[in-house]
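These numbers come from a predicted model, not from an experiment.
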Amino acid sequence: MPTLTRDTVSEAVLNEALTGLKATPKTLSPWLFYDERGSHLFEKITELPEYYLTRTERAIFAEYAPSLPQHLIAAVTVAELGAGSASKTGVLLREFAASQPSLLYQPIDISPTALEEAAASLSEAIPGMTVAPQVANYITDRYTIERPEDHIVLALYIGSSIGNFSPAEALGILRNLRDHLQPGDSLLLGTDLAPGERKTVETLLAAYDDAAGVTAAFNKNVLVRLNRELDADFNINCFAHRARWNAAASRIEMHLESLVAQTVRVGGTQIRFAAGETIHTENSYKFTAASLAELLTGSGFEVDQTLHDADGYFAVTLAEAV
Ligand code: AVJ
């Protein structure tokens, strides 16, 4: 099973930080958010009044779980990409476990702490279920999906995690996932939706710039992490959290804006910032029915059904590997 040791993680952090901060414009990849503190801040984000994504997706699951297609419930193993603490997954797993007491659940995530919490809380909530966690970056590392004999695989890629990736990268991730599957296996994909009739850009922006400042702390945590792990000397107060809607690319962007001209030392390298210059820390793509269909068809899946909330904020798509 591929695992990341502490050393390979720090090396990856150093590579990512130096490559991103020497580039123009400056970037830092969103996976850097998720150290222990970042993972906890993200959990707090999911409970914010402005952050509708998690609770909307959970409501869709709760409504949908009792009517899951029979072939999915019969003999299935569930593998989840980017499981995190898997707080939403329980709703679905409970449904599967009801008809399948020895359910095998395979969460894959980059954060060992989040996986430990997921394994602990789910094993307790669903006795009899086997949890087989895998610490892996599903973009850069190999991962495995086990298939008990005569079982189908249901892959979960929920929480709009795929929204962090460009359309081309998203295709690559789903094609790679498809390569782990067989025809007849299924994918449940959770995606945040683009502004529409009832969803405004303001709603979106508020979700990424909440009144309590949790998202700002989450964004700035990447600098805290570089300070600690790479002995960098970012002055956190000299950067501000910014959320922007990029309509042309259909994405929310998060940036850290340097409030002054300054030089920061990162792993022995001097990085210069102009006043107002930003580090682009995250893209969060927002989908339409058309962009979802294109993504899924292009990666070897066929859309079975799409579920969403009444306001069209969020979508959960069930697709079959073809
Ligand atoms: C975990 C990628 C789904 O894009 O909404 C939340 C991360 N960033 N607030 C998202 C995030 C700022 C989140 N995803």
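Ring geometry, Phe273 versus Phe234: the interplanar angle exceeds 60°, so the pair is classed perpendicular (tilted spans 30 to 60°).
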* **Candidate pair Thr46 and Leu53, rule side chain to side chain contact (heavy atoms under 4.5 Å, CB included), full reasoning** => CA-CA 7 Å; Thr46 65; Leu53 288 79; over 6 Å; no

* To do: Let me see the working for Glu16 and Ser29 under side chain to side chain contact (heavy atoms under 4.5 Å, CB included), right down to the final yes or no.
  => CA-CA 7 Å; Glu16 179 62 43; Ser29 180; 3.1 Å; yes

* Asked: Checking side chain to side chain contact (heavy atoms under 4.5 Å, CB included) for the pair Glu57/Asp309: CA distance, chi angles, key distance, verdict?
  -> CA-CA 8 Å; Glu57 186 177 44; Asp309 57 295; over 6 Å; no

* Could you please spell out the steps behind the side chain to side chain contact (heavy atoms under 4.5 Å, CB included) verdict for Arg242 and Thr278? => CA-CA 9 Å; Arg242 302 284 181 235; Thr278 75; 5.5 Å; no

* Working for side chain to side chain donor-acceptor pair (under 3.5 Å), residues Asn283 and His280 -> CA-CA 8 Å; Asn283 288 320; His280 185 175; 2.7 Å; yes

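Hydrophobic cluster membership differs between Leu259 and Leu256, with clusters built from Ile, Leu, Val, Met, Phe, Trp and Tyr side chains linked at under 4.5 angstrom. Hydrophobic clustering keeps Leu187 apart from Leu104 (ILVMFWY residues linked when any side-chain heavy atoms are closer than 4.5 Å, directly or through intermediates). In terms of hydrophobic clustering, with Ile, Leu, Val, Met, Phe, Trp and Tyr side chains grouped at heavy-atom distances under 4.5 Å, Leu32 and Tyr34 are assigned to a common cluster. Both Phe42 and Ile236 belong to a common hydrophobic cluster when Ile, Leu, Val, Met, Phe, Trp and Tyr are linked at side-chain heavy-atom distances under 4.5 angstrom. Note: the hydrophobic cluster containing Leu205 also contains Phe218 (ILVMFWY, side chain heavy atoms under 4.5 Å, direct or indirect links).
The backbone N or O of Met254 sits less than 3.5 Å from a side-chain atom of Thr281, completing a donor-acceptor pair. Here the side chain of Arg175 pairs a donor or acceptor atom with the backbone of Gly298 at under 3.5 angstrom. A donor-acceptor contact shorter than 3.5 Å links the side chain of Ser160 to the backbone of Asp192. With Gln100 contributing its side chain and Val76 its backbone, the two residues share a donor-acceptor pair below 3.5 Å. At least one donor-acceptor pair closer than 3.5 Å links the side chain of Ser250 to the backbone N or O of Lys286. When atom types are taken as modelled, the side chain of Glu277 and the backbone of Ala274 share a donor-acceptor pair closer than 3.5 angstrom. Arg147 contributes a side-chain N or O that, together with a main-chain N or O of His151, makes up a donor-acceptor pair within less than 3.5 Å.
Put simply, CG on Leu295 and CG on Leu189 are 6.5 Å apart, with the number rounded to the nearest 0.5 Å. Asp210 contributes atom CG, which lies 4.5 Å from atom CG of Leu48 (distance to the nearest 0.5 angstrom). One distance of note links NE2 of His241 with CG of Asp209; it measures 4.0 Å at 0.5 Å rounding. For the atom pair CD1 (Ile108) and CG (Leu115), the distance works out to 9.0 Å, reported to the nearest 0.5 Å. Atoms CZ and CD, from Arg251 and Glu282 in turn, are 11.5 Å apart once rounded to the nearest 0.5 Å. The CG atom of Leu204 sits 16.0 Å away from atom CZ of Arg244, with the distance rounded to the nearest 0.5 Å.
Considering all non-hydrogen atoms of both residues, Ser111 and Ser39 come closest at OG-OG, 3.7 Å. Closest approach of Ala65 to Val91, counting heavy atoms only: CB-O, 4.3 Å. Closest of all the heavy-atom pairs between Pro127 and Glu124 is CD-O, 4.0 Å. The two residues Ala125 and Arg94 come nearest to each other via the heavy atoms CB-NH1, 3.8 Å. When all heavy atoms are compared, the tightest approach of Thr27 to Ile279 is C-CG2, 3.8 Å. Of all non-hydrogen atoms in Ile271 and Lys26, the two that sit nearest each other are CG2-CE, 3.4 Å.
Side-chain contact between Val78 and Phe96: present, with at least one pair of heavy atoms (C-beta onward) separated by less than 4.5 Å. Residues Leu28 and Phe33 form no side-chain contact, since every pair of their non-hydrogen atoms from C-beta on lies 4.5 Å or further apart. Within the 4.5 Å cutoff, side-chain heavy atoms of Arg178 are placed close to those of Phe301. Counting only heavy atoms from C-beta outward, the side chains of Pro133 and Asp109 never approach each other to under 4.5 Å. Side-chain contact between Leu188 and Glu80: absent, with no pair of heavy atoms (C-beta onward) separated by less than 4.5 Å. Considering only heavy atoms from C-beta on, Tyr208 comes within 4.5 Å of Tyr51 through its side chain. At least one side-chain heavy atom of Ser186 sits less than 4.5 Å from a side-chain heavy atom of Leu318. Between Asp185 and Glu320 there is no side-chain heavy-atom pair separated by less than 4.5 Å.
For the pair Lys88 and Phe61, the NZ or CZ position fails the cation-pi test of under 6.0 Å to the six-membered ring centre and within 45 degrees of the ring normal.
Residue Glu36 qualifies as open at atom CD: its count of foreign heavy atoms under 6.0 Å is 12 or below. Enclosure of atom CD in Gln305 by more than 12 non-hydrogen atoms of other residues, nucleotides or ligands within 6.0 angstrom is indicated. At most 12 non-hydrogen atoms from other residues, nucleotides or ligands lie less than 6.0 angstrom from CD of Glu294.
Between Lys199 and Glu197, none of the side-chain N atoms (NZ, or NE/NH1/NH2) sits under 4.0 Å from a carboxylate O, so this pair counts as no salt bridge. Using a cut-off of 4.0 Å between Lys/Arg side-chain N and Asp/Glu carboxylate O, Arg228 and Asp35 are scored as salt-bridged.
Looking only at atom types and distance, the side chain of Ser258 has a donor-acceptor partner in the side chain of Gln262 under 3.5 Å away.
Separation of the Tyr138 and Tyr143 ring centroids does not fall under the 6.0 Å cut-off.
Residue Tyr105 forms a side chain to side chain contact (heavy atoms under 4.5 Å, CB included) with just one option from Thr77, Thr130, Thr89, and that option is Thr89.
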